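The structure appears below as structure tokens.
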Amino acid sequence: MKGSLIVVAFFCIGCVVGTFNDSQLEVHNLSMYVLYALMLQVGVSIGSNKNLKVLVKSLRFNMLLVPLATIVGTLLFSAFASLLLSQWSVFDCMAVGSGFAYYSLSSILITQFKEPSLGLQLATELGTIALLANIFREMMALLGAPLIRKYFGKLAPISAAGVNSMDVLLPSITLYSGKEMIPLAIFHGILIDMSVPVFVSFFCSL
């Protein structure tokens, strides 16, 4: 949770700095470089995972059902959210949900992809919603892991964690769901991680 709070703090600092910035600083290029760096980090984190070869060899078809359930469930409830948010289309809401708790990458992607169609202000607003929504998802999965495990089963904390099932929330998953869930949690996180740019770009284009 400490990491999420640090991210929120830097976000607030950025808002304050942006508010009092009177110069004509072009931030578009800077945000693109940040986006490229994040995409590079995704590839490096997946490729450098020491357990990747073991996971590939131990793949079973039923292991695909957990990330599939995470994706379908998240997108379905994101679509339902559009019924309550009249300003945003169903595809905008699904783009936000497609972050799967990867708040840094999804928020930048959404801002960049939606700027041509929505304009800078609305695209930034939607990117901010994605940032906060996915931070809240991580925090709720972290703090609510015991209750999620109790009422929804040992696979539920993995699904709730989204991309963070392979790193930030792995200790909580291990504690409440058992050590035997570690390979599945890592495999789930890798697949969800790879899916974020695909789904976000797809829904932003609709």
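What you see is a predicted model, and the numbers here were worked out from it, not measured in a lab. Count residues from 1 along the sequence.
- The line from OG of S82 to CD of Q87 is 13.0 Å long, rounded to the nearest 0.5 Å.
- The nearest pair of heavy atoms linking S98 to L75 is OG-CD2, 3.4 Å.
- Side-chain contact check for S172 versus L142: some heavy-atom pair is nearer than 4.5 Å.
- The CG atom of L155 sits 10.0 Å away from atom CD1 of I173, with the distance rounded to the nearest 0.5 Å.
- Distance check: M94 CE to L76 CG gives 8.0 Å after rounding to the nearest 0.5 Å.
- Applying the side chain to side chain donor-acceptor pair (under 3.5 Å) test to S89 and every residue at least two apart in sequence or in another chain returns D92.
- Expressed to the nearest 0.5 Å, how far CD1 of I158 lies from CG of L169 amounts to 10.5 Å.
- Identified under the salt bridge (Lys or Arg N to Asp or Glu O under 4.0 Å) test for residues 66-83, with sequence neighbours left out: none.
- The ring pair (Phe, Tyr, Trp, His ring centres under 6.0 Å) check on F77 picks up F80, with sequence neighbours excluded.
- Within the structure, side chain to side chain donor-acceptor pair (under 3.5 Å) pairs that include any residue of residues 146-162 comprise T70-S159 (at least two apart or interchain).
- A search for side-chain contact (heavy atoms from CB on, under 4.5 Å) contacts involving L118 returns W88, K114, L122, L126, not counting sequence neighbours.
- Judged by distance alone, with hydrogens and angles left aside, the side-chain atoms of S177 form no donor-acceptor pair with the main-chain N or O of T174 at under 3.5 Å.
- The shortest non-hydrogen separation linking G99 to S106 is CA-CB, 3.5 Å.
- A 4.5 Å side-chain heavy-atom check between V96 and S78 finds every atom pair outside the cut-off.
- Nearest heavy atom pair, residue I71 against residue S195, reads CD1-OG, 4.3 Å.
- Sorted pairs that involve residues 164-178 and meet salt bridge (Lys or Arg N to Asp or Glu O under 4.0 Å), not counting sequence neighbours, are lacking altogether.
- Separation of atoms OH (Y103) and CZ (R137) is listed at 13.5 Å; rounding is to 0.5 Å.
- Residue pairs meeting the salt bridge (Lys or Arg N to Asp or Glu O under 4.0 Å) criterion with at least one partner in residues 197-206, sequence neighbours excluded, are absent.
- Residues passing the side-chain contact (heavy atoms from CB on, under 4.5 Å) test with A69, sequence neighbours excluded: none.
- C93 has its side chain within reach of L85: a pair of non-hydrogen atoms, C-beta onward, lies under 4.5 Å apart.
- Summarising the hydrophobic clusters (Ile, Leu, Val, Met, Phe, Trp, Tyr; side-chain heavy atoms under 4.5 Å, direct or chained), the residues clustered with L175 are Y176.
- Atom CD of E138 is separated from atom CG of L143 by 10.0 Å, given to the nearest 0.5 angstrom.
- Take A156 and apply the side-chain contact (heavy atoms from CB on, under 4.5 Å) test, not counting sequence neighbours, and it matches I148, F152.
- In plain terms, the two heavy atoms of A185 and S165 that are nearest each other are O-OG, 2.7 Å.
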Using distance only, find each side-chain donor-acceptor pair of residues 198-206 under 3.5 Å and give its atom names and separation, not counting sequence neighbours.
unit_1, atom_1, unit_2, atom_2, d
S201, OG, P197, O, 2.7
S201, OG, V198, O, 3.0
S205, OG, S201, O, 3.4
S205, OG, F202, O, 2.6

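- In plain terms, the two heavy atoms of P171 and V168 that are nearest each other are CD-O, 3.5 Å.
- Residues M140 and L131 fall into different hydrophobic clusters, defined by Ile, Leu, Val, Met, Phe, Trp and Tyr side chains chained together at heavy-atom separations under 4.5 Å.
- When the shell of 6.0 Å around CD of Q121 is examined, it contains 12 or fewer heavy atoms from other residues, nucleotides or ligands.
- Side-chain contact between F100 and D193: absent, with no pair of heavy atoms (C-beta onward) separated by less than 4.5 Å.
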>> Is there a side chain to side chain contact (heavy atoms under 4.5 Å, CB included) between L64 and F187? Walk through the geometry before answering.
In response: CA-CA 9 Å; L64 293 173; F187 174 69; 3.6 Å; yes

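- Partners of T124 by side-chain contact (heavy atoms from CB on, under 4.5 Å), not counting sequence neighbours, listed by chain and number: T111, L120, T128.
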